[in-house]
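As the structure is a prediction and not an experimental result, all values here were calculated from the model.
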Amino acid sequence: MRTARRLAPVVALAALVVFLAASLPGAMDASRRRIKNAGRERTLGADEALATLRGQDYVAAIRRIRDELPEDSEYLLLVGTQGGADVFVRFDLAPRRAIFGGTAADVSRNVTLSRLHALPAWTVVPRLDGPGPRLVATRLLAEKGALP
C-alpha cells in the first residue's frame with residue numbers, strides 16, 4: 001500500500017509528460033496556422049471579417065437592415081430559433097436599440113393591432129445562416145398574427 005501511494009505521483013507526472021508530448025505538435029501546428037491567417041486577415045474591413053465568420057448572405061442582410069434603420073432608431077427583435085442568433089444580430093446592428101419581442105410563437109400575443117402604437121415600426125427576425133436576418137414591418141406582423 002505504501003509503495004502504491006509513493007508511485008501515484010510519479011505515475012501521474014509520467015502521464016502528464018506523455019500527454020504533453022503527444023499534444024504539443026498539434027498545438028504548435030494550430031498556432032502556426034492561426035498566426036499565418038492573422039497576418040493575411042489583418043487588412044480586412046469590418047464587413048469582410050464578418051463575412052469570414054457568418055457568410056456573405058448574413059453580411060448582405062445586415063447591410064440592408066442598417067440601410068433601412070437609422071442609427072438612432074429602435075426595432076423589435078424576436079428570439080432566434082438558432083442558439084444566440086438574436087444576440088449576434090443585436091450586436092451587429094448596434095447602435096440601433098433592440099426591443100425584446102419574444103419568440104416567433106409569441107407574435108400573436110405580443111404584436112397585436114392594439115399594441116402597435118407602442119411598438120417600433122420594424123421587427124428583425126434573427127438568423128445566422130443564409131439568407132440571414134430579415135426586416136419585417138411590425139404592422140404586417142400585427143395584422144397576420146404570425147411571421148410572414
Study note, to complete from the structure: Heavy-atom closest pair (Trp122 atom, Glu68 atom, distance to 0.1 Å) is CZ2-OE2, 3.6 Å
Practice item. Report the distance from atom CG of Asp106 to atom OG1 of Thr103, rounding to the nearest 0.5 Å. Key: 3.5 Å
Point to revise | Within one Ile-Leu-Val-Met-Phe-Trp-Tyr cluster: Tyr75 and Leu78, side-chain cutoff 4.5 Å | key: no
Review point. Any idea which heavy atoms bring Arg96 and Arg66 closest together, and the distance?
Key: NH2-O, 3.4 Å
Revision key, fill the gap. Looking only at heavy atoms, the pair that brings Leu128 and Tyr58 closest together is O-CD1, 3.7 Å
Review point. Measuring from Ile62:CD1 to Phe88:CZ, what's the distance to the nearest 0.5 Å?
Key: 12.0 Å
Review point. Leu147 and Val79: same hydrophobic cluster, using ILVMFWY side-chain contacts below 4.5 Å?
Key: no
Exercise for review: Spell out, as yes or no, whether a donor-acceptor pair under 3.5 Å connects the side chain of Arg115 to the backbone of Ala142.
Suggested key: no
Check your understanding: Under 6.0 Å from the CZ atom of Arg134, do we count more than 12 heavy atoms belonging to anything else shown?
Key -> yes
Point to revise | Linked, directly or transitively: Val87 and Leu93 (ILVMFWY side chains, under 4.5 Å) | key: no
Review point. Are Val136 and Leu77 connected in the hydrophobic side-chain network, where two residues link if heavy atoms are under 4.5 Å apart?
Key: no
**Study point:** In one Ile/Leu/Val/Met/Phe/Trp/Tyr side-chain cluster, 4.5 Å: Val107, Leu116
**Key:** no
Review point. In terms of heavy-atom contacts, does CZ of Arg139 have more than 12 from other residues, nucleotides or ligands at under 6.0 Å?
Key: no
Exercise for review: State whether Asp67 and Arg64 are salt-bridged, where the test is any N-O pair (Lys NZ or Arg NE/NH1/NH2 against Asp/Glu carboxylate O) under 4.0 Å.
Suggested key: no
Point to revise | Rounded distance (nearest 0.5 Å) linking atom CD of Glu74 with atom CG of Leu69 | key: 11.0 Å
Study note, to complete from the structure: Output for pair (Asp47 CG, Gln56 CD), nearest 0.5 Å, gives 9.0 Å
Point to revise | Worked verdict on Val111 versus Thr123 for side-chain contact (heavy atoms from CB on, under 4.5 Å) | key: CA-CA 10 Å; Val111 184; Thr123 299; 5.6 Å; no
Exercise for review: Salt-bridge test for Arg90 and Asp86: reply yes if a basic N is under 4.0 Å from a carboxylate O, no otherwise.
Suggested key: no
Review point. Is Thr112 reaching over with its side chain to a backbone N or O of Arg109, donor-acceptor style, under 3.5 angstrom?
Key: no
Practice item. Return the minimal non-hydrogen interatomic distance between Leu119 and Asn110, and the atom names on each side. Key: CD1-O, 3.9 Å
Check your understanding: Does the Thr138 side chain pair with the main chain of Pro120, one donor and one acceptor, at a distance under 3.5 Å?
Key -> yes
Review point. If you round to the nearest 0.5 Å, how far is CG of Leu113 from CG of Leu141?
Key: 11.0 Å
Review point. Considering all heavy atoms of both residues, which atom of Val124 and which atom of Pro133 are nearest to each other, and what is their separation?
Key: CG1-CB, 4.2 Å
